[in-house]
Amino acid sequence: MPSEFFNTSEVLEAILETIDEGIHVIDPKGMTIFYNGVAANHDGMKRSEVVGKPLLEAFPSLNHKSSTLLRVIKSEKPIYNYSQSYVNAHGRIIETLNTTLPIYVDGFMIGAIEIAKDYSSLKQLSERLADLESSLKTIKSPERKTPANGGLYSFAEILTKDNGFKALISQGKKAARSSSSVLVYGESGVGKELFVQSIHQDSSRSKQPFIAQNCAALPESLLESLLFGTAKGSYTGAVERQGLFELANGGTLFLDELQSMPIDLQAKLLRVLEDGFIRRIGGTKSVQVDVRIMAAMNMDPKKEVSENRLRPDLFYRLNVLSYELPPLRERIDDIELLSQHFISIFNSKLGLSIKGMDEKTKAFFRKYHWPGNVRELKHTIEFMMNHTENDVLNLEDLPQFLKKPTPSEKILPLREAMIEMETKLITEALLQTNGNVFRASKLLQIPRQTLQYKIKKHI
């Protein structure tokens, strides 16, 4: 249809309807002038119940102080990443994470727009997880299970021929004798959690809880309530709930991707490290906890400090016992050792009897740079064993993106070559992030929605 049949407002409305986040716009008087389908779905409302009506009439549980939209109208200042809990007109509790901005035209404020992410289900899931951790903590077991049965790893299960890595394991065993905090860093897939689990298993806390939490997986307010717990009435619908610090009491709390923890929350973590006391969200009572903190990062901590993603005082507090795990490409002798180990594992899982790899495949593995490290190696072996027709793995069994064209092969058209390279990069990013699309999009420096589209199109 020719462009003259469209007007600006229709195009804008169509764009706002395609966005996968809730969009709510009000005028200076607090009347809703736009409310997209995603926002209606978040709020459990019909659009006809909101559009053209005063905000406080559609959402009677809000007021001029608790509504971020009305606060922005009054202050004319933006509010970023604010968690909001309210009850809609049908009595349903809604949890959202909002960014609310004033709208200006020719220097005059004509309204406010709110972009909201619904994390009600995510919050419920995290609370169920906390409840599960609490129930598991009460289960007494006379002995620790092996990893195959769902338990934790130990140093005896870290396979290496590399002298440098052996020295790190020796240092880790010494760290197990202490209760000092631990910082482990290295590229994604090198085995940071395996290393900290081993320290816990070798320590006097081995019969106490080991609880792991990825700091990049949750919004700030949700991560804070999960870590510290909540007091009854601290927000609408809140109940007394233990956080992970309390659940890990006597044991170890492992915080992965620490650099993703918001700076304000890092300050609260530092206080716990300093005095051992926590306070539930909305509570007035401080509780002392005996928890060993272990943290991991897939970035250079000094660089994260210099770029203001990691507090210097927290880094220095954690840096007492710190370990940099080497990437697989620097542990050449471990590649064949680990490959044979994974072949043995998948032989058992898949009911196969693969003997190993041929010499050309071994040589290729030694030369390949393994950006996803041990995790990528494991996934590659699993792929090859699912596709091979032989009893020895060879180069033909490799995933397509690992196969290199020979000089005799026909040069691909540029468009096809670009698609192939794009597919390879996306696959490698997904391997490095263990399939996490959000983190893969960060690695590739493209929007998450763009990456999801390309995955559906090419992979």
Side-chain angles (χ1 to χ4, degrees), residues 21 79-85 93-99 116-134 181 183-184 192-193 196 209-231 234-249 251-273 277-283 287 289 291-299 301 304 308-311 313-315 317-318 433-434 436-439 441-442 448:
E21 293 172 343
I79 298 174
Y80 296 100
N81 297 322
Y82 181 84
S83 73
Q84 190 168 38
S85 174
I93 297 174
I94 308 298
E95 307 274 355
T96 57
L97 187 71
N98 305 335
T99 290
K117 296 177 184 289
D118 175 27
Y119 68 86
S120 301
S121 57
L122 184 60
K123 187 176 182 66
Q124 291 169 6
L125 182 62
S126 72
E127 289 177 345
R128 287 174 187 168
L129 175 62
D131 289 340
L132 179 61
E133 294 277 13
S134 181
S181 302
L183 175 63
V184 179
K192 297 183 290 294
E193 182 164 358
V196 298
F210 176 93
I211 296 178
Q213 176 59 47
N214 188 306
C215 298
L218 300 171
E220 178 179 0
S221 58
L222 186 51
L223 178 60
E224 183 177 5
S225 64
L226 187 61
L227 290 174
F228 293 94
T230 55
S234 55
Y235 58 87
T236 305
V239 297
E240 287 287 340
R241 188 181 299 277
Q242 287 185 316
L244 297 186
F245 277 107
E246 290 179 79
L247 294 174
N249 195 28
T252 301
L253 178 59
F254 172 52
L255 301 174
D256 198 7
E257 295 196 58
L258 180 68
Q259 76 280 357
S260 298
M261 179 182 285
I263 290 291
D264 290 345
L265 195 50
Q266 289 182 28
K268 295 182 180 180
L269 171 61
L270 181 62
R271 285 199 294 272
V272 179
L273 287 169
F277 284 88
I278 63 104
R279 183 181 297 174
R280 293 182 185 178
I281 306 301
V287 178
V289 291
V291 177
R292 184 177 196 181
I293 300 296
M294 297 194 198
M297 298 174 59
N298 54 17
M299 306 287 184
E304 297 302 290
N308 300 317
R309 284 189 289 269
L310 181 66
R311 288 178 62 103
D313 46 6
L314 179 59
F315 168 63
R317 183 67 176 76
L318 291 170
T433 59
N434 204 23
N436 187 303
V437 175
F438 177 71
R439 287 161 56 200
S441 69
K442 280 190 168 183
R448 173 175 53 82

Excluding sequence neighbours, so at least two apart, what forms ring pair (Phe, Tyr, Trp, His ring centres under 6.0 Å) with F245?
F228
Going by heavy atoms in the side chains, are [X] and [Y] under 4.5 Å from each other?
X	Y	answer
Y80	N98	no
T99	I79	no
L314	L269	yes
Q213	F254	no
K192	N298	yes
R280	R241	no

What's the separation between atom [atom1] in [X] and atom [atom2] in [Y], rounded to the nearest 0.5 Å?
X	Y	atom1	atom2	value
K268	I281	NZ	CD1	5.0 Å
I293	T252	CD1	OG1	8.5 Å
L318	M294	CG	CE	11.5 Å
E224	M261	CD	CE	9.5 Å
C215	D256	SG	CG	7.5 Å
Q266	D313	CD	CG	8.5 Å

Specify the closest pair of heavy atoms between [X] and [Y], including all atoms of both residues, with the distance to one decimal.
X	Y	value
F277	V272	O-CG2, 3.6 Å
P209	L247	CG-O, 3.5 Å
A267	R311	CB-NH1, 3.5 Å

Within the side chain of R317, is there an N or O that forms a donor-acceptor pair under 3.5 Å with the backbone of L273?
yes
Take F315 and L183, measure what side chain to side chain contact (heavy atoms under 4.5 Å, CB included) needs, and give me the verdict at the end.
CA-CA 9 Å; F315 168 63; L183 175 63; 4.1 Å; yes
Full working for side chain to side chain contact (heavy atoms under 4.5 Å, CB included) between V287 and R279:
CA-CA 6 Å; V287 178; R279 183 181 297 174; over 6 Å; no
L244 pairs by side chain to side chain contact (heavy atoms under 4.5 Å, CB included) with which of L255, L227, I278, V291?
L227
